[in-house]
Every structure is written in structure tokens, then in C-alpha cells.
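Atom set for the values below is all heavy atoms of this structure, side chains included, hydrogens, waters and symmetry mates excluded. Lettering of chains follows the sequences in order, A, B, ..., and the numbering in each one begins at 1.
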Amino acid sequence: MTVQETILSVRNLNKVYETPAAWGRAGTRTHVVHDVSFDIQRGEILGLMGESGSGKTTIGRLILQLLHATSGQVALEGCDLCGMTTQALRPLRARMQMIFQDPLFAFNPRHTVHQILGTPLRLHPELVERHGPVDEQIRHVLSQVGLPADVVHRYPKAFSGGQRQRIGIARALIMRPSLIVADEATSALDVCVQAQILNLLLDLRDELDLTILFIAHDLTAMGLVCDRVAVMLRGRIVEIAPTSELFSRPRHPYTASLLQAIPRIGTKAMPGVAPCMPGKGTQVQDGDGGCPFRMSCRWAVAQCAHNGTALRLLEKDHWSACVREDLDLPGL
Amino acid sequence: MLRSVLRHIAGGAGLLVAVSITGFILLRLAPGGPLAQFALAPGMTQERLQTIAHQMGLDRPLWRQYLHWFNAILHGDWGRSYRDQQPVTHVIAAHLGATAELVALVIAISFPIGAMLGLWGALTTARVVDRIISVATMVCFSAPTFWIGLVLIYVFSIRFGLLPAGGMAAPGASSVMDHIRHLVLPVSVLVTVTVPVWCRYMRAFAEDVLRHDYVRTGMAMGLPAWRVYGRHVLGNAMLPMISVLGTHVPALLGGTLVTETVFIWPGIGRLFLDSLQYRDYPVVMGILMSSAICVIVAGLIAELCYRSIDSRLAA
Amino acid sequence: MTTRDTVLEVDGLSVGFGPQAPNALPPVIEDVSFSVRRGEIVCLVGESSSGKSVTSLALMGLLPPSARITGEIMLHGREAGEPSLDLLQLSRRARNRIRGHRISMVFQDPMNCLDPIFSIGNQLVEILRWHNALSRVEAWRQGIGYLHAVGINQPDVCMKRMPHELSGGMRQRVMIAMALAGKPELLIADEPTTALDVTVQAQVLDLLLRLRTQTGMSVIFITHNLAVASRIADRIIVMYAGQIVENSSAESFFTRPAMPYSRALLDALPTVDMIRQGQKRLKTISGNVPGLAERPAGCRFFPRCVHGVAAMCDSGSPVLQSAGADHLVRCRRWEEISA
Amino acid sequence: MTGFVRRSRGLMGALTRMVMPDGDRVATVSLVFVLGMIVACTAGPWLLPFSARHIDLQHHFLPPFSGAHLLGTDEIGRDSLARLLMGGRASLEVGLIATGISATIGTFAGILTGTGLGGWPVRWLLQAIVSLTLCFPAIFLLLTLASIMGPSVPTIIIIISFVIWTETTRVADIQTRTLMQKDFVTAAIGMGATPFYIITREILPNVLPAVTVTSTLNLARAILLESYVSYLGYGVQPPDPSWGSLLNNAQEYLVSDPWLAILPGLAITLTVTAIGFVGEAVRDGLGLKRERA
């Protein structure tokens, strides 16, 4: 392995939504992202896995500076983005790009593919200076994502979901970013198309040495494309490890329960159903310092109420927040 | 919940202050403002005019004049009519009943009709019905109120002599029947122009509701169509209609003004026009202020009703 | 097959939309035939625009009146003597009596399937009282029972809740409880777990399996995910571009898929073995599901099929043929391909 | 279930679909009527044998279809058709200019509040102005302002614009807010676009369709408002006719000569109805939703 170069480094990232107290009513604090830290190396695909409401999308937007972090640092290739002004940030935005979930809403319906792909170059004229004329770059990037060059005069509506997602990838690629954040990039696609796009991302990574933060809720797709996976639960990363490690030997009971729940071909479920609580009452209070999973965890011990939010290095590259280091949890 | 009530009341109060400032400025800008009226009096000299101005406080800075005026308004002194020196509040009160009667009747009649038509239009699969409703509402919506009034007067009063052409009561007669006969035409005009409003909103809301999955779910669970429409669609579509009812008060007042003119109905609208004609600005201001209060209060009530139901529905 | 152990037989069902005959568009689903046995879970699998949702809505009679429906949907009685009904021939009233009572349905997005202005209990009681002559108190009591049956922990609390106060998984359970309120013989579930998190999805799948065992009802489960299907299905029906392309028992399907498209679907799923071995690339097929106007004349999968032979596959729609016991496939070359 | 009908894009697409043979019949008729009315009112007065101010006391109160006067004459023998067309010219002029002004200001203000540019002072100020205008019934406000500022065509235009711009602002504001949530705007921000670029390239083109529809409905409303004000004597002043002022005059002669009242009223009703239908057809054609509160 060559010398690793850290592209993105996230340190103690927090995002709190606050409604101020007013008119004699107490304000509310919603802690959506809680003390999140991780690094991504060049050429790596890091998966950020979480169920709905776990804060994974917020992290993506915090990294891209589309939202302001409450506290913490986001360093892209060594320069801290969080403290920057909007103006100072603008030229840097070319170095990190996003791929969206629903490829239909990701494009201005009134722009042709040529306009869509030309926009980044118009906004960053230095890209044209460095890499050649607009038309040539568009042709090049379209061939990279496997689209014919004659699509440039069509509108996004005229494409299928998979083709649109290719255009979305092309728009991100044309700026030659150091980092791509793919937010549920394949969740809205049909199975066969999803497979095509996953393969495309892998090919592009190999070819262009891309660095990707792959945000999704689908663990199987993640197991396929990611080099490492971080599992999120209610705003916290509870486990982060190389993919095969995580899938074969999860060290956090939450990860294990997710792995158990993945539908798999050839495993017929046994009827035996866990009861379900009404309302939102069963959730652990935010910021009580305990493990967010302890209420549903069959291995929970007294210690879990005070501990279990900080990640600990268990073995090489395998971090987990669970206090029960002794557990031998089933993997896939 | 309490917070939102307070916020809305505070907003309404703020709006009222803004309305009073606007009214005050308009009153000062108006040609034939207070001083001009006195200037017209015979034998008025420049000195006397200045004395009067001083007595009335018109030479003081504008903001002090405003505070003075506003204070008087708070104490129920809305000024006196230029025309007959009656207190404005009395003048308005004398005309309020006639207008209130008209407005209340119109809402009571037009709202159920409009809402039902709108629901029917949204639910029907018959293109003909749909088309008839949409064309009819559009035409009624587009016809000037006063013109509908003129046509009705021509047909029912002039051609066939069935109904009185205007006024509130025939001279000498004071029977209930006579009053009703006088009400028929103005109420019909206002109902004609108001039904399309409810109908179009209701239709839009009902179509919106019909797109929701729970309508289809109700059907899938075996509920008959009438029950799904009558309970779930109507219920959900009525909710925003409460807001519409509140926000539509100004338009209804405007329509009433024109109708009252056509039918010589002795209400606020008639009073407003007469006062404009005589440049009787204190009365004009009084009417503007009180109609703004009406609008704000109606909007507030509707908003609070909507909120109190809606807060149960959304987290 | 005797009538007694078959609940539903669909024969030659076609559904079209849009303008009438001369410039009509091709039907959205074409010649769909299958049957559902008592207590069986049939999974209808297909990608978007394959026609699986249209099929289910046609079974429910919930398509808009503009839809042109042909074919036969026979609902068989429980007892041998009970008459069989062709649902497409029934009057609207008679159709209504079947809905919810003998066939019921749950939908994909549980967030929008409950009326936001009524409480859970209110809505459940409404349906219970519609299907059974019950007093309000009795219906409330039974409602609690139903919520308990679908695995809701404090059913009496839940009855008083408004829909927005419940999580997605809870709402889907409530939906299932409502669908069961008429004691249907057949439950149609249209992607009921797609909008849910994996852990909740697993719970809902388990719930459906348990309810099937307890009540003996049949389930038509619609999904685009073969892995989900494999978890609960007794029978798999794969749809592609408006046609059934494979209909087989689950066992036979997952061991010996005959249709190239089914294989492509299976290949497109990342498997556990792949993840374990660090294998990175999926086998994919090129192209997309053809749109309504672009459906090819011959085999509809031919343009994307790696095994396609021009002379054989590009003309004349292939018919469903037997590929073993209880296994139908719409491919002329399945034997050569399997070999 | 998309793709049944091949849809051409944008405003032109919506208009062409309207006039196509299998299109919306009512909308087609409406569009033809509105265009016809505009042409007739613009060119008509020159083509007629009588000017709108030509007085002929010999032939007053002629009923329609009497000789040279196609729609008859009024109380001092002026040609009704000529007056109707001249009146229409004034009404349409007021309507169109007022709509244009309110659309421009409204779009600008709506985008400003919708994007949150200028911060809370701008939003607060605009919100205050809008709420204040909405407090008064439109006609009360119009009449008061007209009476204070003195009735004339320019003042009427300004006042009507002032009354109707709030609607455009509201629509533009809602549209902009929705667009700001869309991923493509997020993408543009993520690519380093300036606010100016986002507004002109991403927001404005997508707000315009809704603004167009609102403006069509505003045009209908402006024509109606003008007729109210003129009817009540605070609008276009005699001897210049407008549809409203023609009616003001006609009420006196309702018993003897109802035609004088029926014709201008019919002209207003039909024109406003037709504009309404065109607006609805454009809205449906552009795939926008029906009006909401």
C-alpha cells in the first residue's frame, strides 16, 4: 500500500437545531449529529450507514458546508472549512461535490444536459483553463459515465432514472473534485440499474482514484462498494471498521441487529415477532451520556447507562462504542 | 398552542396600529382635510383659520397629532362627521345592522351551496357535470357584482315587477314579508358571486385530499365511497376552508359595498360611498378602520380555529 | 386444482389506459394469469413500471374508471358449494362488499395511508363497525385486540393516538390491523416494507408470516426486492414490462431460475458471499425496462438479454411454458440456457 | 403512469395544446375571444363609421341592429359599438399595464422574501405592507385612494397595481421557497454559485410559469376592479368611456333602454371569463397546481 493521504478529516462534529425559548415556553434542542469524527483517505470509499433519522444526511451536508456545524471541524485536504466565509468557500467548493438521491430533482428541469454540465465550468473558469474547452470536457465526462455524446441537447425529463444518475455523477466529476459525497445515490433506483451505478462508481474510483463518502441505509450495497463502513445511530457513530471486518465480526450489538435484519436469499424467516411500542416514548433521552441502543439491547449492563458513546479502538482499524468488548456477536 | 395564540393576537394588534397610522396619514393627505372644511365656511379669515388650527392641535408635530388622535380613538372618540356633526361611531352604528344582516345571510346561504358544489365537482367522473360547474362558477366569478344587480333589477323589478328594485322596506309597510322581499335581490346577487369562491377553493382542497393515499386506503378496507367522501374527504377539505372563510371577509365586504349601492341598501357600503362623495373623511376613516378591525378579527378567529384543530394533527 | 384450496384465479387480465381503440396505447399489463392457493404467500416481483401495482389495484377494483380491464378474476368460495365470483362482472355494490371483507390491501407508504384528522381508534372502529354489526364499545374492545395481534405493545394507548404520533413501523402495523378487520381470505400487500428501516422491515415480514399461520389467509406480496421475497414467499411471480415472465414455487425459483431476467435480478443483488469474499463487481445487464410505447414485438426482454438469439426471440411474443413441476417461464430458450 | 401524452414544454407548449383540435375546447374559444377582443378594441374604433364622441341627438336611444348603428346609440346619440370598443381599450389598457407593473414588482419582492436575501428587515417590511393591504377590502382602498389622489387613468393604474401585486408576491414567494428546497439549487450552491447566479439561472426561470398564471388571473381581476371603480364614478372620467363608466351612465336608463347596461356588462363578463379560462388552461398545461389558500 502506498502512503496514505488524508483527504477529509472530520473532528467532533456537532449539529444542534434549536428553537429559542420565547413567550414563556422552553426552547427545544435537537442534537442531530453528536460528536462525530472520522477520516477518509485518498481513493477510499467510506460508507456511512444509518436508519432514517440517524443524521447521516446531515453529516453529508455539514461536510459540504451546505449547513453550518454547531461545533467541530471539517478539514478538506488540510484546510478547515467550518470557519470560512461564504466568499472564501466558493472557490473551494469545486473540490467537493455531491451526488443526490433522486436524480429527477437534482437538475433544473429547464436546463439541457449541456447546460447542466456546463454550469460548473462557467462557475469555475479556472477549470476550463486547466483542462480544456467546455465541449471537450463534457464529451469526455459523458464517456466516463457511459453516456453517448449526443444526449447533450436533451432535458433531464427525457432520461430514465439510471441515465439521470449518470448525469448526476458526470456533473460531480467534471469539476474533478477531491471528494464526492453520494447521498443515497442508488436508493431510488431499480435493482438492475442500482447494480449498474454501483459498478460505475467502483470503476470510476479505480480509474480516477476518487474518494467517496457513500451515505446509505442499505447495508448490502454498502458491503459491496465500501472499503470501510461507519454505522450511525441517533446522531452518533457507534462502530467503524473495514467492511469485511464489520460484516463478519460486528462488535456493536446494533450493527449485529442490522446485519441480522438484512433480507437474504435462502433464509426464510421464522414467525416470531417482537412487540412494538406505541409513540416515541421508548427512546433514550439525548445527551444522557449512555449508549443510545441500550433500551433495545439484550446485552445491556448497568454500565451502558453512563458509558458507551465514545468510540474505542478494539483492534486494527476497528472502532466500536460498545462497552461489552467481550461479546462475540454473529456476523453475516 | 398558547404561544401561537399570543403571537397571532400580538400580530393582529400590531396590524391595527399600522392600520391606524395609515388611516391617519390618509386623512391628512386628503384634499378637503379638516382645515379645508373650515376654510370653506363664509367669512373665514387666515387668522381665524390659524386659531382654529391651533385649537385643534394641527400645528403640532405630526407624531403628537397622531398620538392624540389614536388616544381619542381608543376612548371611543372617532371624530365627528363633517356632514351633520354626528359622532362617527353613531353614524357607523346606525348603518352596521343592515350590512351585518346581508353578510350573515349571504355566508349562511352561499357557504353550504358552494362547498357542496365544489365537493361534487371534485368527485364527479361525469365530464359534463364537471364542465358545467367549472364554466358556471367562472362566469359568476367574472361578472361584475353591480351588473348582476342591474340585470336582476331589470328582469325581476322592471320587466315582471315581482320584487322591489331597492331599499330596505316599502314606505309605510313594515311587515316581515316586505323585508324579505327587499332582501331577495341583494342577497341573490351576493350569493351568486360568493358561491364560486367557496366552490373553487373547496374543489381545489378536495382534489388535493383525493390525491392522498388514505382515501384509497379507506376504499381498500371496504368502506363505501359515500362514507370515504363524506367523512374523510369532506373532513380534511373543510379544514383549510376555515382559513378561507376568514381571509375572504374583505372581498365579501367589498362586494357588499357595491351591491348596497345598486340596491340603495342603507348599509355601511352605501354610507361609505356617500361619505366619499361629500368628502366626509372622518366617516370614511371610521369605516376603513372598522372594516380593517373586522378583517383582522375574522382572520384571527379563523386562524386560531384552524391552528387549534391543526395542532392536533401535526407534530 | 379443486376450487376449495384455491382462493383466487386470475385469467388473461389486461389493463389499458388512455384514449380508445384507434390511437390506443398498448395495455399496461397484458395477459396476466396466475392463481393463489389458500394460505399461500405469493410474491409478485418486478422493477418499476413492470405492472405489479396495476395488477394489484385491478384485483382490488381500485383502478380509475377510465381503465379498460379485460380478463377474468375468479374469487372462489371457502366451501365447495359456495359459488365462485368473477370480480370483473360484479356490480359496484357487490364489489364493494368484497373489498376489505374478502380481499384487503395494505399500501407502500404507511405515512400517508391513515387519515390525519382521526385517531387510530376512531379509524379502526369505523372499519370494524362497517364490517361487523358491533356496538361502539365492543368495536373499541375488538380494535384493541387487533392492535395486540399485530404486535403493538400498549394497544389501548395506541388507540387514542393520532397517526402523526406513530412511527412508520407502527403505522404499517395499524394498517395491517385495519386490513384484517374484515377477516379477509386474501391480503394484498403492495411494497409494505419499502419505506421502512431494515430492522422494522424484518419485524413486519415476520408479522405477516405469523398472521398467515394464525388465520390461514393468503397473501399477495408485491416487492421489487428478491431478497425480501425470498424471506417470506411460497411462490414467486416475476413480472417484466407488463407480463408475467416466470411463475414458480419459491424453492424451485431460487434453486433453478429459468428466465434470464430472473437471473439478472438475482445477480444484481449483492450477496453475503460476495461481501464476505470482498468481491466488488456485480453482474449487470445493460439498458432499462422499456417504456409503454417502446416495448419490443418479440420477447420483451430480448434487447437486454445476453442469451438472446435474433431469429428466435425478436418476433412473436413467447408463451409461458413449463420448466419443471410447478414452474412456468416465458422464454423459448430456457432449456439451452439452463444447460 | 407517465409518458402517455408527449408533452411539449413550457408556456408555448401549453398554448399550442390549447388550440389543438383535440385540446380543451373552452380554452380554445376563450383564447380566440380574448385575442379578438384585444384586436377589436385596438383597431376597431378606427374602422367604424362613427367616433366614440360623435353626438347625434336626432338618433338617440336607438336599439341594437338599427341601421348604421350596429349596437344602437346612447342617450345623446353616440354609437354604442364605438363607445364599447373605446371603453374596452381603456379597460384593457388599465388592466394590462397594472398587471405588468404588479407582476414585475411582485416577482422581485417574492423572490427576495423566498430566498431570504436581505435578511429579516426586508422580509418584515414586505410582510407588513402585504398584511396592511390585505386588511382593507380592495374596493374600499381603491375608492379612498382614488378619491384622495383624484381620479385619472394613471392613478387608477397605480392604485390597482398596488392592490393586486400582493398576490404575485405570495405566489412567487411560495414557488421560490419550494425551489430553494430542491436538490438542484443545493447542487448549485454546492458548486459555488453566487446568489445572483442562483436567482437568475435557477430560480427565476422556474418561478415565471406560476407568475404568468397568476398574472393572467390578476389581469381578469384588474379589469373587474377598474369596472367597479369607474362604475362608482372614481375611475375613468366622462366623456372618455370605459366598460365600467358606460354602466354608470346606463343605470339611469335601465327602464327605457336596458341595452345600454347589458352590453358593457356582457363585454366585461365574457372577457374576464375568457381570460380566466385561458389562465386555467395555461396552469393545467404547465402542470401547476390549483390555487390554494
Side-chain angles (χ1 to χ4, degrees), chain B residues 11 14-16 18-19 22 26 29-31 131 134-135 138-139 141-148 150-151 153-154 158-159 165 200-201 203-205 207-208 240-241 243-244 247 249-258 261-262 272-273 276-277 279 281 284-285 287-288 291-292 295-296 299, chain D residues 25-26 30 127-129 131-150 220-221 223-228 231-234 243-244 247-248 250-251 254-256 258 261-262 264-266 268-277 279-280 289-293:
Chain B
L15 213 48
L16 273 180
V19 165
T22 320
L26 284 180
L29 286 178
R131 258 290 128 92
S134 85
V135 171
M138 186 60 97
V139 172
F141 200 60
S142 309
T145 316
F146 58 88
W147 184 66
I148 302 178
L150 290 182
V151 172
I153 290 177
Y154 179 70
I158 298 174
R159 270 329 265 277
R200 297 185 90 80
Y201 274 112
R203 188 177 164 148
F205 295 144
E207 277 177 0
D208 222 37
M241 281 304 278
S243 291
V244 173
T247 51
V249 168
L252 195 57
L253 282 177
T256 316
L257 167 125
V258 184
T261 318
V262 177
F272 182 75
L273 274 179
L276 268 187
Q277 210 112 55
R279 299 193 175 279
Y281 288 108
V284 171
M285 240 18 12
I287 295 175
L288 274 186
S291 73
V295 171
I296 291 169
Chain D
R25 228 4 118 211
V26 178
S30 301
Q127 186 64 50
I129 298 175
S131 324
L132 199 59
T133 353
L134 290 179
C135 270
F136 303 102
I139 298 172
F140 282 37
L141 199 59
L142 262 168
L143 291 178
T144 315
L145 293 178
S147 126
I148 287 171
M149 293 165 73
R221 196 160 160 236
I223 292 175
L224 264 184
L225 280 178
E226 187 279 329
S227 81
Y228 284 119
Y231 166 73
L232 295 169
Y234 291 87
W243 283 338
L247 276 159
N248 181 358
Q251 193 169 6
L254 198 58
V255 179
S256 58
I262 290 173
L266 216 52
I268 299 170
T269 310
L270 290 179
T271 310
V272 174
T273 309
I275 293 172
F277 276 127
E280 286 203 338
K289 261 180 144 187
R290 239 166 224 277
E291 187 51 33
R292 312 200 43 183

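- Of the two parts of B:Ala18, the backbone and the side chain both hold a non-hydrogen atom closer than 4.5 Å to a non-hydrogen atom of chain D.
- Contact record, D:Tyr234 with B:Gln277: OH-N, 3.4 Å, taken as the closest heavy-atom pair.
- In this structure, D:Phe140 and B:Phe272 have parallel ring planes: the angle between them is below the 30° cut-off, well short of the 60° mark.
- D:Ile139 and B:Val258 get closest at one heavy-atom pair: CD1-CG2, 3.8 Å.
- Using modelled atom types, one finds no donor on one side chain facing an acceptor on the other under 3.5 Å when comparing D:Tyr228 with B:Thr261.
- For B:Leu288, the parts sitting under 4.5 Å from any heavy atom of chain D are the backbone and the side chain alike.
- Separating the CG atom in D:Leu232 from the CG atom in B:Leu257 is a distance of 6.5 Å, to the nearest 0.5 Å.
- Heavy atoms closer than 4.5 Å to chain D are found in both the backbone and the side chain of B:Ser291.
- The choice from B:Thr22, B:Val135, B:Ile296 that makes the most heavy-atom pairs within less than 4.5 Å of chain D is B:Val135.
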Open item on the list: As a quick check of understanding, evaluate side chain to side chain contact (heavy atoms under 4.5 Å, CB included) for D:Leu145 and B:Leu26, giving each step before the final call.
Closed with: CA-CA 8 Å; D:Leu145 293 178; B:Leu26 284 180; 3.8 Å; yes
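- Of the two parts of B:Leu253, the backbone and the side chain both hold a non-hydrogen atom closer than 4.5 Å to a non-hydrogen atom of chain D.
- Atoms SG and CG, on D:Cys135 and B:Leu16 in that order, are 7.0 Å from each other to the nearest 0.5 Å.
- Heavy-atom distances place both the backbone and the side chain of B:Val139 under 4.5 Å from chain D.
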- [ ] Go through the steps for B:Tyr281 and D:Ser147 under the test side-chain hydrogen bond (donor to acceptor under 3.5 Å, both in side chains), then give the verdict.
- [x] CA-CA 10 Å; B:Tyr281 288 108; D:Ser147 126; 3.2 Å; yes
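- Heavy-atom pairs under 4.5 Å with chain D were tallied for B:Thr145, B:Val284, B:Leu252, B:Ile153; the largest tally goes to B:Thr145.
- Checking side-chain atoms of B:Trp147 against main-chain N and O of D:Ala261 turns up a donor-acceptor pair under 3.5 Å.
- In this structure, OG on B:Ser142 lies 11.0 Å from CD1 on D:Ile268, to the nearest 0.5 angstrom.
- Put simply, CD1 on B:Ile148 and OG1 on D:Thr269 are 7.0 Å apart, with the number rounded to the nearest 0.5 Å.
- For B:Val262, the parts lying near chain D are the backbone and the side chain together; criterion is any non-hydrogen pair under 4.5 Å.
- Interface remark: D:Leu143 contributes backbone and side-chain atoms alike to the contact with chain B (heavy atom separation under 4.5 Å).
- For a residue to count as touching a neighbouring chain, one of its non-hydrogen atoms must lie under 4.5 Å from one of that chain's; by this rule B:Val19 touches chain D with backbone and side chain alike.
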